[in-house]
Structure formats: C-alpha cells, structure tokens
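I have placed the structure first, in the form of structure tokens, so that the comments after it can refer back to it.
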Amino acid sequence: MTMPGARSQSHPTRSAQRLSVNLSPDVAEALQWIAEKHGWTITDAVRRCISTQKYVEEALDKKAKVLIAEEGQPVRELVFV
C-alpha cells in the first residue's frame with residue numbers, strides 16, 4: 001500500500017528542469033499580464049499555463065468540447081487548430 005505523498009519506486013524522483021525560451025514581445029507581455037493579474041511569479045504563470053494546456057489537450061483527446069459562456073452571449077465552442 002502506498003501512502004499519500006510517498007514516492008513509488010517505479011517512478012524515480014525527478015529534479016526540476018531549467019529551461020531557456022525565446023518569447024516574442026507580445027507573448028512575453030501576455031505572460032507578464034497573467035502573472036501580475038494573479039499575483040504569481042513568471043515561473044508560476046508558465047507552470048499554470050502549461051498545466052492548463054495539458055488539461056485541455058487531454059479533454060480534446062477524449063472528444064470533449066471546450067465551451068465559452070459569456071454573460072448575455074450565446075455559448076460558443078472553442079476550436080483549436
């Protein structure tokens with residue numbers, strides 16, 4: 001039985017990976033905006049954006065639809081190309 005928080009021997013401990021990326025000014029500004037809006041660091045914003053994208057990709061793989069419901073507007077489907 002594995003206890004919560006215990007590391008499985010089949011999944012070795014992975015260390016953090018440092019990445020260097022080049023962002024266009026627009027993308028860098030968008031990332032900065034997201035971080036400031038939520039009071040996050042840039043690192044946290046990148047992690048959360050990647051986690052959100054992964055969640056969406058997994059949902060789309062299961063043939064789910066991603067819908068946007070704005071107040072006073074008809075529900076729209078987001079189509080990812």
Same apolar cluster: Ile42 and Ile50, side chain cutoff 4.5 Å: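 Yes, same cluster.
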
Non-neighbouring partners of Val66 that pass side chain to side chain contact (heavy atoms under 4.5 Å, CB included), sequence neighbours left out: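 Residues passing side chain to side chain contact (heavy atoms under 4.5 Å, CB included) with Val66: Val56, Leu60, Leu78, Phe80.
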
With sequence neighbours excluded, residues passing side chain to side chain contact (heavy atoms under 4.5 Å, CB included) with Glu70: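 Listed in chain order: Ile68, Gln73, Arg76.
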
Of all pairs that satisfy side chain to side chain donor-acceptor pair (under 3.5 Å), the ones with a partner from residues 16-35, not counting sequence neighbours: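 Counting only pairs at least two positions apart or across chains, the side chain to side chain donor-acceptor pair (under 3.5 Å) contacts touching residues 16-35 are Gln32-Glu36.
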
Qualifying residues under salt bridge (charged side-chain N to carboxylate O under 4.0 Å, His left out), relative to Glu57, sequence neighbours excluded: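 Listed in chain order: nothing, the list is empty.
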
Results of salt bridge (charged side-chain N to carboxylate O under 4.0 Å, His left out) for Lys54 - residues two or more places apart only: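 Applying salt bridge (charged side-chain N to carboxylate O under 4.0 Å, His left out) to Lys54 gives Glu58.
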
Shortest non-hydrogen separation from Ile34 to Ala45 and the atoms involved: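 Of all heavy-atom pairs spanning Ile34 and Ala45, the closest is CG2-CB, 4.3 Å.
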
Cys49 SG to Leu31 CG distance, which is reported to the nearest 0.5 Å: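 Between Cys49 SG and Leu31 CG, I get 6.0 Å after rounding to 0.5 Å.
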
Listed once per pair and sorted, the salt bridge (charged side-chain N to carboxylate O under 4.0 Å, His left out) pairs that draw on residues 42-53, sequence neighbours left out: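 Passing the test, one end in residues 42-53: Asp44-Arg47.
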
